[in-house]
Asker: 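Sharing a structure below in structure tokens format, with a few things to ask.
Keep in mind that this is a model prediction, so the values were computed, not measured. Letters A, B, ... mirror the listed sequences (proteins, then strands); counts begin at 1.
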Number of protein chains: 2
Amino acid sequence: MASERDHKPEAPGDGPGEGTVGKALAVLDDIAARGRPVRFAELLETSPFPKATLYRFVQVLTRQGMLSYDPERQTYAPGLRLVRLAHAAWQASSLAPIARPHLDRLSRATGETVHLAQLDAGQVLYVDKRNAREPVAMYSQAGKVGPAYCTGVGKAMLAYLPEAELAPVLQRQAWHPFTPKTITDAASMRAELAAIRARGHAFDDEEHEPGIICIAVPILTRAGRVLGALSVTSTTARTSLEGLTEHLPEIRRAVEAIGDEAQDWRFPDQAAE
Amino acid sequence: MASERDHKPEAPGDGPGEGTVGKALAVLDDIAARGRPVRFAELLETSPFPKATLYRFVQVLTRQGMLSYDPERQTYAPGLRLVRLAHAAWQASSLAPIARPHLDRLSRATGETVHLAQLDAGQVLYVDKRNAREPVAMYSQAGKVGPAYCTGVGKAMLAYLPEAELAPVLQRQAWHPFTPKTITDAASMRAELAAIRARGHAFDDEEHEPGIICIAVPILTRAGRVLGALSVTSTTARTSLEGLTEHLPEIRRAVEAIGDEAQDWRFPDQAAE
DNA sequence: ATGTTAGTTTCATTATTTGAAACTTGGTTT
DNA sequence: AAACCAAGTTTCAAATAATGAAACTAACAT
């Protein structure tokens, strides 16, 4: 620590200090975020990099297999090498492998949709899921991201985040009012988070999608650090928030088991930032 | 150096010409390949980079979320950012989204384990899967990689690869004899590939795991370019190679539908190299 | 206390990235 | 058909970032 090595003046991802690698990864993120194949010119429009520089990044990433290129349409999309790498990440750095049997049990016990999520860059990252029927665990479902401020798992994790980490995360939220019930500012959120801490679990009361409700409980280490969250989702047609609390004992059992096992397996740190 | 810019003298992944980004990604690959959290010193042992350089790569990758770091154990593992990126890759650059309904149908029709795979860096990359009605203990999931030379899907794809792409891929195979029936050299493989082309489908006759057999058919564009392969897997206890051919009509239907739709969706190129 | 190993920082040298501009290609308009 | 235009690609000197030997520090084991 040379006294000015540790300040972070720039946005995450690029900026000086993150080097060439950081910039290239920012380009990769950009392409991934669009959700469809993009042309070079499209990228260039919003890119902070000059033409030749962006061009070289895209070339290197393509040669590396991090992007795939469609020569006919001249479009770029995230490449298959990522799928291979992510499999390793999913196994080594997510709660999914540990949580698997507990998700299975919870799914069978409740018959409802079950989600396992972790925080990544201030967003909810779903790392596993059980549908009411299918027992498969794959990227069709894992890897999806969602907002933290209007999902049960998101709020459950935020509620137990230390202030130093919470503040920057709240600042990053989009606060888009998906439904009339969506919480749309940091102050209201802090009140909600206090309520969640008081009762030990979070609800999603149609805050993201109308008709969809869920109950979520955070997964914590013994020391109280947030690892992730588990939720059981249903519809207003089928039950109510009070109805969902029926599953609390089962959820609690799963959450505690996962937290304990994660502790013993000495789990990699997954910073929210 | 204007006249020697375009030769490729080095291994894929690193070497001059691939720049800092290529080197950093090689480090990432290295860590992912180990399949467990690794310490810095372990990495250093086999790394071509000097201490300080490797150290900085690992730092940058960690700050970027491509690696996660366990401060207690001082170990690195692939990070969650990869899971997020892979979701986008899976949707945009794999056959999985297109193939999904066809896999479902095939799975229902056969009741057996169904795999969808593509080639990535000369290896078989499983991009989707359906479990058998009566599940057998087997581990293959989306993102998992396997050898090309001793799996049904691998051989099916190799059989239709143009010579220019086939030769380097064959050279890269490990030819490890998993079972007595494993094909262990390129010459025998070329004979096998000819046989596959002659009948239009490939078998895995316990070449990877004893007792596990499968039938696989390549997914091709109308122009004949290999996109991937589809397989139906079972056990010698339950059926035989001849028994598996019963599913051929169903598999063919799925393969043709997927090939056609991929063509229309104008699919990103996924080079085997 | 002392030795040893693993991890981290420094800094002059070296090599790579950078980006404005020129160039090429493929398609469209006059 | 020639001229034009837009998208993509290459060039090259200047600017910047990467490199790696060596020095340093922390933590553990003797």
Asker: Ignoring hydrogens and geometry, is there a side-chain-to-backbone donor-acceptor pair from A:Gln118 to A:Leu95 under 3.5 Å?
Answerer: yes

Asker: Tell me if a side-chain donor or acceptor on A:Asp120 pairs with a main-chain N or O of A:Gln123 at a distance below 3.5 Å.
Answerer: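 No, because the side chain of A:Asp120 does not come within donor-acceptor range (under 3.5 Å) of the backbone of A:Gln123.
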
Asker: For B:Leu43 and C:dG7, what is the distance between atoms CG and C1' respectively, to the nearest whole Å?
Answerer: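 Taking atom C1' of C:dG7 as the reference, CG of B:Leu43 is at 13 Å.
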
Asker: Could you check how far CG of A:Leu61 sits from C1' of C:dT17, rounded to whole Å?
Answerer: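 These atoms are roughly 15 Å apart.
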
Asker: I need the minimum non-hydrogen distance between A:Val226 and A:Leu161, along with the two atoms involved.
Answerer: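 Answer, listing the atom of A:Val226 first, then A:Leu161: CG2-N, 3.8 Å.
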
Asker: From the list D:dT10, D:dT19, C:dG19, which nucleotide is the closest neighbour of the side chain of A:Thr53?
Answerer: C:dG19

Asker: Rounded to whole Å, how long is the line connecting atom CD of A:Gln59 with atom P of D:dT10?
Answerer: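 In whole Å, D:dT10 P lies 7 Å from A:Gln59 CD.
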
Asker: Which whole-number value in Å describes the distance from B:Leu54 CG to C:dA6 P?
Answerer: 14 Å

Asker: Determine whether a donor-acceptor pair (N or O, by modelled atom type, separation under 3.5 Å) exists between the side chain of B:Tyr149 and the backbone of B:Ala186.
Answerer: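 Judged by distance alone, no pair lies under 3.5 Å.
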
Asker: Figure out the CZ/P separation between A:Phe57 and D:dT9, and round it to whole Å.
Answerer: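 For the pair A:Phe57 CZ and D:dT9 P, the rounded distance is 17 Å.
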
Asker: Hey, which sits more toward the 5' end of DNA chain D by its nearest nucleotide, A:Thr20 or A:Arg39?
Answerer: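 Checking each residue's closest nucleotide, the 5'-ward one belongs to A:Arg39.
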
Asker: Taking all non-hydrogen atoms of both residues, which atom of A:Gly146 and which atom of A:Tyr126 are closest, and how far apart?
Answerer: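 It is N-CE1, 4.3 Å.
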
Asker: Using the 3.5 Å cut-off, write out each protein N or O paired with an N or O of nucleotides 20-29 of chain C and the distance between them.
Answerer:
none

Asker: Where do A:Ser93 and B:Arg81 land on the side chain to side chain donor-acceptor pair (under 3.5 Å) test, with the steps shown first?
Answerer: CA-CA 10 Å; A:Ser93 295; B:Arg81 185 180 179 179; over 6 Å; no

Asker: Rounded to whole angstroms, how far apart are CD on A:Glu45 and P on D:dG8?
Answerer: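 It is 11 Å, rounded to the nearest whole Å.
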
Asker: Please report the end-to-end axis angle for the helix from C:dA1-D:dT30 to C:dT30-D:dA1, five pairs per end, rounded to 10 degrees.
Answerer: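 It comes to 30° between the two terminal axes.
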
Asker: To the nearest Å, how far apart are A:Leu44 CG and C:dG19 P?
Answerer: 12 Å

Asker: Given C:dT9, D:dG8, D:dT19, identify the nucleotide with an atom nearest to the side chain of B:Tyr55.
Answerer: C:dT9

Asker: Is the gap between the ring centers of A:Tyr76 and A:Phe40 under 6.0 Å?
Answerer: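 Centroid distance A:Tyr76-A:Phe40: not below 6.0 Å, so no.
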
Asker: Between atom CZ in A:Arg63 and atom P in D:dT9, what is the gap in whole Å?
Answerer: 12 Å

Asker: Is there a donor-acceptor contact under 3.5 Å from the side chain of A:Glu42 to the main chain of A:Arg39?
Answerer: yes

Asker: Do the side chain of A:Thr62 and the main chain of A:Val58 share a donor and acceptor less than 3.5 angstrom apart?
Answerer: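 Checking the backbone N and O of A:Val58 against the side chain of A:Thr62, a donor-acceptor pair under 3.5 Å is found.
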
